[in-house]
2 protein chains.
Amino acid sequence: METIQGLSPEQEVVIQKARKRVIESIGKNLDLYGITQSIGHLYGLLFFQNHPMTLDKMGEAMEMSKTSMSTGVRTLVDLKMVNKVWEKGSRKDLYEVELDWFQTFADFFSLKWRKALEINLSALRKSKTELRNLCEQSPDDAALQAVLQPDLDKIDEAIRYYMWLDRLIDSFESGDIYSLVPKDIPPSERP
Amino acid sequence: METIQGLSPEQEVVIQKARKRVIESIGKNLDLYGITQSIGHLYGLLFFQNHPMTLDKMGEAMEMSKTSMSTGVRTLVDLKMVNKVWEKGSRKDLYEVELDWFQTFADFFSLKWRKALEINLSALRKSKTELRNLCEQSPDDAALQAVLQPDLDKIDEAIRYYMWLDRLIDSFESGDIYSLVPKDIPPSERP
DNA sequence: CAATTTGTACAGTTTTTTCTGTACATACGG
DNA sequence: CCGTATGTACAGAAAAAACTGTACAAATTG
C-alpha cells in the first residue's frame with residue numbers, strides 16, 4: 001500500500017480501510033473472470049497506486065515473492081489490464097493499471113472470446129464439411145440422413161452464433177457498442 | 001456417445017470423428033470461460049445427444065463416476081447451459097443442452113457480470129461515502145485533499161463503468177443487443 | 001407402505017495449480 | 001568494459017481443485 005505523507009493516523013486508517021475494501025472486492029471478483037485471487041489482489045493494489053510501481057514494492061506490499069509478482073504482473077500486462085512504463089534513470093521495470101475500465105473490459109473479452117471463437121469455428125467448419133460430404137455420398141440412405149440432419153442443424157446454428165459473436169466483438173473493438181449502450185445517460189433517465 | 005443404428009461402420013467412424021472434434025474443441029475452450037475441461041467435455045457430449053440423457057449414461061460415455069456427473073451437470077444447470085427434463089415413467093433425472101446459444105451466452109454473462117457488479121459497486125459506494133465524509137470533515141487540509149482526490153476520481157470512474165455494464169447486461173437480457181448487432185446479416189454484407 | 005432405485009454429501013485420494021527460492025542471463029550505470 | 005542490479009526460468013514445496021467410492025436420504029413404483 002502506498003505510503004501516505006502528512007496525514008494524521010486517524011485519517012490514514014480511514015483511507016486504508018476504504019481502499020482495502022475496494023481492493024479485496026475487486027480481487028475476489030476478478031476470480032469470476034478466470035483471474036487468480038492473488039493476481040486480482042495485485043491489480044487492486046496497483047489501482048490505488050498514484051505512481052507506477054516496481055516489482056519489489058509489489059512484493060513488499062503483497063507480502064509475496066518477487067517471482068510471483070513477475071508472473072502475476074505479466075498476466076495482467078498480457079490482458080492489457082496493466083501497462084509497463086519506463087522511467088529514465090531507473091533500471092527497474094515500472095507498472096501501472098490501465099485506468100480506462102471500458103477499454104480494459106473491451107480488450108479482455110475481445111481477447112478471450114476471439115480466441116475461443118477461432119478455434120471452435122474452425123472445428124465446426126471442418127466437421128461440417130466432413131458430414132456434408134458423407135451426406136452427399138449416400139443421398140438415399142434414409143437412416144444416415146436421419147442421423148446427419150440433426151448434427152448438421154446444430155452445427156449450423158452454432159456457426160450462426162459465432163458469426164454473431166464475431167460482430168459483437170467488432171463492436172467492442174470499434175466502440176460502436178457505445179452507441180447502443182452509451183457510456184453515460186442523462187440524469188433524467190437514470191433509474 | 002450416442003449409439004447409432006443402421007449405419008455402416010465406415011459411416012459411423014466419420015460421424016463420431018466429426019462429433020469428437022467439435023466436442024473437444026468446445027470442452028477445451030469453455031475452460032476460457034472458467035469451466036473445467038471435463039465439464040466442458042460433458043457439455044459437448046450432451047450437445048450432440050438427440051435425446052435427454054441420464055447421469056448413468058453420461059458417466060458411461062465420459063468414463064467417469066456418477067458423482068462427477070452429478071456435480072458437473074449441476075454446474076451446467078446453474079449456468080443455464082443445460083436443462084433438466086422430466087419424462088413420465090422414469091424416475092431418473094434427464095438433462096439436455098439449451099440449444100439456443102444466443103440465450104446461453106446472454107444468461108452466462110448476465111449471471112457472472114451481475115454478480116461481480118453488485119458486490120464491487122457496493123464496495124465502491126461504501127468506500128466513496130467514507131472518503132467523502134473524511135474529505136468534508138477537513139476541507140482545508142491540503143495534504144489530505146491531495147491524497148483523497150485521486151482516490152475519489154478513480155472510484156467515480158469505476159462506478160461510471162459499472163453503471164454502463166449494468167445497462168449492457170440489460171440489453172443482453174432484453175434482447176436489445178440484437179438491434180445493434182443483429183443475429184443475422186444480409187448475404188451482401190457478409191465479409 | 002415397503003422395496004428399490006436414484007441423486008448427492010462427504011471424506012479421502014489424486015491431479016493440477018500456485019507459490020517460493022535459487023540460479024542465471026541480461027542490461028544498465030559507472 | 002566491468003560490476004552490480006534486475007527480471008525470469010526452473011525445480012521443488014505448498015495449496016487448491018477435481019475426482020472417486022461409500023453411505024445415506026429422498027423419491028417413485030408396485
Side-chain angles (χ1 to χ4, degrees), chain A residues 23-24 26-46 49 51-79 81-96 112, chain B residues 23-24 26-46 49 51-79 81-96 112:
Chain A
I23 290 175
E24 283 178 0
I26 291 175
K28 213 165 281 169
N29 284 116
L30 275 184
D31 149 296
L32 282 175
Y33 293 68
I35 290 175
T36 312
Q37 193 160 329
S38 343
I39 298 184
H41 199 285
L42 173 62
Y43 177 82
L45 173 76
L46 290 173
Q49 228 57 30
H51 307 286
M53 204 178 195
T54 67
L55 290 180
D56 290 300
K57 290 281 173 198
M58 294 177 210
E60 206 177 301
M62 298 271 301
E63 299 181 34
M64 283 176 72
S65 74
K66 201 165 113 181
T67 305
S68 295
M69 295 303 101
S70 176
T71 57
V73 101
R74 174 205 287 271
T75 305
L76 292 170
V77 168
D78 286 347
L79 293 169
M81 295 174 70
V82 162
N83 299 314
K84 196 172 188 169
V85 174
W86 279 271
E87 209 167 80
K88 56 172 185 181
S90 165
R91 55 171 123 170
K92 300 195 188 202
D93 295 355
L94 292 158
Y95 299 90
E96 68 184 0
K112 286 222 166 187
Chain B
I23 290 176
E24 283 177 1
I26 292 175
K28 213 165 279 168
N29 285 114
L30 275 183
D31 149 296
L32 282 175
Y33 294 65
I35 289 175
T36 312
Q37 192 160 329
S38 347
I39 298 184
H41 198 285
L42 173 61
Y43 177 82
L45 172 75
L46 289 174
Q49 228 56 30
H51 306 285
M53 204 177 196
T54 68
L55 291 180
D56 290 300
K57 289 281 173 198
M58 293 177 210
E60 205 177 303
M62 299 272 300
E63 299 181 34
M64 285 176 71
S65 73
K66 201 165 115 179
T67 305
S68 295
M69 295 303 100
S70 176
T71 57
V73 100
R74 175 205 286 271
T75 304
L76 293 171
V77 168
D78 286 349
L79 292 169
M81 296 174 70
V82 162
N83 299 313
K84 197 172 187 170
V85 175
W86 280 270
E87 208 167 82
K88 57 172 185 181
S90 164
R91 55 173 124 173
K92 300 195 186 200
D93 295 356
L94 291 158
Y95 300 91
E96 67 185 0
K112 286 221 163 186

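None of these values were measured; they are calculated from a predicted model. Every chain is numbered from 1 and lettered A, B, ... according to where its sequence line falls, protein lines coming before strand lines.
- Here D:dC19 is the nucleotide among D:dG7, C:dT8, D:dC19 with the atom lying nearest to any side-chain atom of B:T36.
- Between A:T67 and A:S90, it is A:S90 whose nearest contact on DNA chain D lies nearer the 5' terminus.
- Between B:D56 atom CG and C:dT8 atom C1' the separation is 13 Å, expressed in whole Å.
- For B:L55, whose side chain is taken as the heavy atoms from C-beta onward, the closest listed nucleotide among D:dT6, C:dA9, C:dG7 is C:dG7.
- D:dT20 atom C1' lies 9 Å from atom CE of B:M64, rounded to whole Å.
- Between the side chain of B:T36 and the main chain of B:I39, no donor-acceptor pair closer than 3.5 Å is present.
- Taking atom CZ on B:R74 and atom P on D:dA18, their separation rounds to 15 Å, with Å as the unit.
- Across D:dG7, D:dT8, C:dG7, the shortest atom-to-atom separation from the side chain of B:S70 is found for C:dG7.
- Closest-nucleotide positions on DNA chain D for A:R91 and A:K66 were compared, and the one nearer the 5' end corresponds to A:R91.
- Here A:T71 lies out of heavy-atom contact (under 4.0 Å) with every strand.
- Note: NZ (A:K84) to C1' (D:dT6) measures 11 Å, nearest angstrom.
- Side chain of A:K84 to main chain of A:D93: no donor-acceptor pair is present (N/O by atom type, distance under 3.5 Å, no hydrogens or angles).
- Rounded to an integer number of Å, the gap from CE of A:M53 to C1' of D:dG7 is 17 Å.
- The separation between A:Q37 atom CD and D:dA16 atom P is 10 Å, rounded to whole Å.
- Separating the CG atom of A:L42 from the C1' atom of C:dT18 is a distance of 14 Å, rounded to the nearest angstrom.
- Between B:K28 and B:D31, the shortest heavy-atom contact is O-CB, 3.1 Å.
- A sub-4.0 Å separation between OP1 or OP2 of C:dT20 and a side-chain N or O of A:S65 is present.
- Across all non-hydrogen atoms, the minimal contact from A:M53 to A:A61 is CE-CB, 4.3 Å.
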Could you please spell out the steps behind the side-chain contact (heavy atoms from CB on, under 4.5 Å) verdict for B:D56 and B:K66?
CA-CA 6 Å; B:D56 290 300; B:K66 201 165 115 179; 3.0 Å; yes
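- The interatomic distance linking B:M69 (CE) with C:dT6 (P) rounds to 17 Å, in whole Å.
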